[in-house]
2 protein chains.
Amino acid sequence: MTLKQLEAFYWAASCSNFAVAAQRLHLSVSSLSKRIAELEVSLGQLLFDRSGHRAVLTEAGNFLMPRARELLMAAEKLQTELRHAANLEGYCQIGVGELTALTWLPSLLRQVRNRHPKLSLEAFIGIGEILEQRLADGEIDVAVVAGRSSLRSVSSERIGEARFAWYIAQSVHPEFSTVEPGLFEQLPMVGLPSGSGVTRLVDDWQRDQGLVVGERIVCNQWGAVVGLLREGLGFGLLPRGWADAFSVQYGLRRLGCEPELPALDYYVHWRSDDYRTLVKTLRELVLRSVCFNI
Amino acid sequence: MTLKQLEAFYWAASCSNFAVAAQRLHLSVSSLSKRIAELEVSLGQLLFDRSGHRAVLTEAGNFLMPRARELLMAAEKLQTELRHAANLEGYCQIGVGELTALTWLPSLLRQVRNRHPKLSLEAFIGIGEILEQRLADGEIDVAVVAGRSSLRSVSSERIGEARFAWYIAQSVHPEFSTVEPGLFEQLPMVGLPSGSGVTRLVDDWQRDQGLVVGERIVCNQWGAVVGLLREGLGFGLLPRGWADAFSVQYGLRRLGCEPELPALDYYVHWRSDDYRTLVKTLRELVLRSVCFNI
DNA sequence: CGCGTTTACGCCTCACGTAAACATC
DNA sequence: GATGTTTACGTGAGGCGTAAACGCG
């Protein structure tokens with residue numbers, strides 16, 4: 001029995017499949033499979049039931065899971081306690097919403113490069129729902145998205161908020177200067193798909209105001225949303241801090257709105273069962289590096 | 001960092017030198033040395049100070065010791081909890097007093113062979129003092145000897161007792177039938193060296209009775225002691241159960257004695273810091289297999 | 001010079017990845 | 001046939017022991 005074997009087993013059991021676990025361990029699927037098989041031989045117990053389409057934990061496997069986690073945690077603790085600096089090494093993936101990617105991600109990546117030169121951090125951009133699922137599946141290590149996670153297996157901590165405002169192309173629709181019920185009936189709303197935190201924010205706000213949900217033009221990129229607004233295809237919600245930088249130049253007018261939309265809370269998310277120091281340190285770095293002036 | 005490296009470090013630090021630790025791990029000294037060096041590289045910390053004649057723990061090494069032990073214990077626990085049978089494997093050494101070797105050891109070895117076919121148990125025979133030291137140094141894994149250990153680092157548990165009686169060659173010394181003060185003045189006492197439990201027993205008894213300590217013929221083997229007694233060179237203490245089997249045939253008469261010598265307590269000893277399941281199971285086996293009719 | 005530890009070196013095992021096979025849905 | 005896991009196999013790194021070197025008493 002080796003720590004590597006236990007690690008392979010642990011991630012294989014807690015990720016959605018061997019391929020994801022293998023990716024996390026920077027290992028081929030075949031090697032991962034063999035490591036687990038060797039652990040099984042060493043323990044004299046089958047840990048996975050391979051009779052079905054996918055490997056599923058046996059009783060012995062379930063027994064081992066929390067204990068393997070304990071042991072791996074203890075080993076990690078030992079290493080971080082003894083190692084010189086808190087210099088992270090390795091490779092990990094962070095999932096962020098596109099808005100975060102456009103605004104705050106570059107600063108995080110720069111900080112990570114300065115502080116932990118040997119850590120290569122790769123970003124994956126997507127909407128909240130997808131990121132949560134990828135996080136739970138083990139395909140990414142941390143995620144920064146709006147709103148708490150709906151998944152039990154994911155922990156989260158608030159890191160800041162973003163404020164939004166409505167924008168419209170001034171030249172194409174000079175008749176509107178405030179958000180009013182008629183607006184939703186006459187023009188389509190341009191925004192992100194339904195899985196995104198901003199869209200959830202709008203949905204809640206519209207319901208609270210008793211407004212009809214009019215036509216929507218959906219696009220999964222903020223850049224494209226801005227483009228659609230410039231073309232005058234509709235009105236839409238943009239992050240204030242971000243949009244105000246280019247709204248004049250792009251001919252976008254901010255619409256008055258009463259009451260204002262509430263701020264959208266941003267959270268850093270991670271898997272509750274992820275014991276790695278890597279993740280813990282990364283979380284702390286995210287918290288510290290936040291300058292959420294979106 | 002691997003479990004093997006930690007194991008190497010742990011035993012190297014807790015045995016008297018690398019050679020002993022290497023023997024315990026069934027490893028060459030050079031491989032042990034390299035394992036430790038690799039652990040040091042992996043942790044980025046020197047664990048031993050090699051500037052002197054012998055390797056001595058650094059601060060980091062001292063810090064690691066108890067934690068390494070914890071981790072290794074946890075790993076062993078995990079394995080024994082999961083492994084099918086409590087089938088021991090491997091190789092270990094038991095130290096026993098010569099008396100134990102002559103009487104009860106064969107039965108233990110037979111039981112071990114039956115119960116744990118894959119465990120090769122090697123016996124080392126010596127007097128208590130030597131065995132204790134070898135135990136503390138890490139050269140043997142358990143020891144069965146008379147009396148508690150004087151060493152702090154050695155734990156012990158009582159397993160039984162042996163009763164002794166005085167014997168003398170009837171044909172050579174027909175004038176004696178009981179132990180009396182004059183006996184000690186006229187004839188030398190034949191027995192084991194001073195490090196042995198029996199000799200300590202006699203010393204205490206003589207002091208309690210206010211008897212003079214007469215001449216002694218010392219020999220480090222019971223078989224030889226019996227031979228010397230047969231030749232009539234003196235009188236001596238023999239384990240009753242053992243001696244009565246051949247005393248008539250050998251012409252040895254048991255001498256009456258008032259008060260009788262107290263029984264000699266036998267203990268199984270092990271290193272307090274030895275976390276191995278091997279040792280724990282072996283101890284239990286020793287306790288159960290005891291039929292101390294010496 | 002002895003003892004304890006490390007270095008040098010050749011050997012061989014073992015862990016890896018690629019690619020194919022297998023099994024289940 | 002798509003997906004998920006294992007087997008086959010060739011390759012390379014790394015852990016092993018022997019033997020020599022080193023360094024302190």
Side-chain angles (χ1 to χ4, degrees), chain A residues 1-43 45-58 60-61 64-65 89-91 133-134 136-139, chain B residues 1-43 45-58 60-61 64-65 89-91 133-134 136-139:
Chain A
M1 187 182 84
T2 70
L3 289 175
K4 283 189 171 189
Q5 287 170 356
L6 285 175
E7 202 179 21
F9 162 75
Y10 180 75
W11 290 111
S14 64
C15 290
S16 56
N17 58 40
F18 282 24
V20 173
Q23 190 191 348
R24 168 156 295 195
L25 296 170
H26 322 306
L27 211 62
S28 74
V29 180
S30 108
S31 299
L32 179 83
S33 166
K34 219 188 300 181
R35 273 197 195 171
I36 294 169
E38 277 158 6
L39 178 60
E40 289 177 319
V41 169
S42 146
L43 296 175
Q45 296 270 354
L46 282 179
L47 299 169
F48 284 101
D49 176 10
R50 277 97 163 167
S51 66
H53 179 44
R54 47 194 309 120
V56 54
L57 281 177
T58 61
L64 180 56
M65 269 300 281
E89 286 187 34
Y91 170 92
Q133 191 54 52
R134 286 181 74 93
D137 287 349
E139 295 177 75
Chain B
M1 186 181 85
T2 70
L3 290 174
K4 282 189 170 185
Q5 287 170 356
L6 284 175
E7 202 179 21
F9 163 75
Y10 181 75
W11 290 112
S14 64
C15 291
S16 55
N17 57 40
F18 282 23
V20 173
Q23 190 190 349
R24 167 155 299 193
L25 295 170
H26 323 307
L27 211 60
S28 74
V29 180
S30 105
S31 298
L32 180 84
S33 166
K34 219 188 302 182
R35 273 195 194 173
I36 294 168
E38 278 158 5
L39 178 61
E40 290 177 319
V41 169
S42 146
L43 295 175
Q45 296 270 354
L46 283 179
L47 299 169
F48 284 101
D49 175 10
R50 278 101 163 165
S51 65
H53 180 43
R54 47 193 310 121
V56 55
L57 281 177
T58 62
L64 180 56
M65 269 301 279
E89 287 187 34
Y91 170 91
Q133 192 53 53
R134 288 182 72 94
D137 287 350
E139 296 179 76

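So that the names make sense, note that chain A is the first sequence line, chain B the second, and so on, each numbered from 1.
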**Q** Quick check on the helix from C:dC1-D:dG25 to C:dC25-D:dG1: what's the angle between its two end axes, five base pairs per end, to the nearest 10°?
**A** 30°
**Q** If the condition is side-chain contact (heavy atoms from CB on, under 4.5 Å), which residues does B:Lys4 pass it with, not counting sequence neighbours?
**A** B:Thr2, B:Arg35
**Q** Please report the distance, rounded to the nearest Å, between CG in A:Leu27 and P in D:dT5.
**A** 14 Å
**Q** Going by side chain to side chain donor-acceptor pair (under 3.5 Å), name the residues that satisfy it together with A:Arg50, two or more places apart in sequence or in a different chain.
**A** A:Glu40
**Q** Got a second to check how far A:Leu6's CG is from A:Leu3's CG, nearest 0.5 Å?
**A** 6.5 Å
**Q** Figure out the CZ/C1' separation between A:Arg50 and D:dT5, and round it to whole Å.
**A** 8 Å
**Q** Could I get the full list of ring-ring contact (aromatic ring centres under 6.0 Å, His included) partners for A:Tyr10, not counting sequence neighbours?
**A** A:Tyr275
**Q** Residues two or more places apart in sequence or in another chain: which of them pass salt bridge (Lys or Arg N to Asp or Glu O under 4.0 Å) with A:Arg134?
**A** A:Glu139
**Q** Under 4.0 Å from any atom of DNA chain C, heavy atoms only: list the residues of residues 2-22 of chain B that qualify, in numerical order.
**A** B:Asn17, B:Phe18
**Q** When you measure from every atom of DNA chain D, which of residues 29-38 of chain A have a heavy atom less than 4.0 Å away?
**A** A:Val29, A:Ser30, A:Ser33, A:Lys34
**Q** Reading DNA chain C from 5' to 3', where do the contacts with chain B start and stop? Cut-off is 4.0 Å to heavy atoms.
**A** C:dG2 to C:dC9
**Q** Could you state the interatomic distance from CG (B:Leu32) to SG (B:Cys15), rounded to the nearest 0.5 Å?
**A** 9.0 Å
**Q** Once side chain to side chain donor-acceptor pair (under 3.5 Å) is applied, do any residues pair with A:Gln133, and if so which ones, sequence neighbours excluded?
**A** A:Asp137
**Q** Once rounded to the nearest 0.5 Å, what's the spacing between atom CG of B:Leu64 and atom CE of B:Met1?
**A** 8.0 Å
**Q** Considering residues at least two apart in sequence or located in another chain, which fulfil the side chain to side chain donor-acceptor pair (under 3.5 Å) criterion with B:Ser14?
**A** B:Arg271
**Q** Find out whether B:Phe48 and B:Leu57 are in side-chain contact, i.e. whether some heavy atom of one side chain is under 4.5 Å from a heavy atom of the other.
**A** yes
**Q** Which pairs pass salt bridge (charged side-chain N to carboxylate O under 4.0 Å, His left out) with one or both residues in residues 23-32 of chain B, sequence neighbours excluded?
**A** B:Arg24-B:Asp141, B:Arg24-B:Asp274
**Q** Among residues at least two apart in sequence or on other chains, which ones pass side-chain contact (heavy atoms from CB on, under 4.5 Å) with B:Ala60?
**A** A:Leu82, B:Gln45, B:Leu47, B:Thr58
**Q** Using side-chain contact (heavy atoms from CB on, under 4.5 Å), reason through B:Leu27 and B:Phe18 one step at a time and then give a plain yes or no.
**A** CA-CA 10 Å; B:Leu27 211 60; B:Phe18 282 23; over 6 Å; no
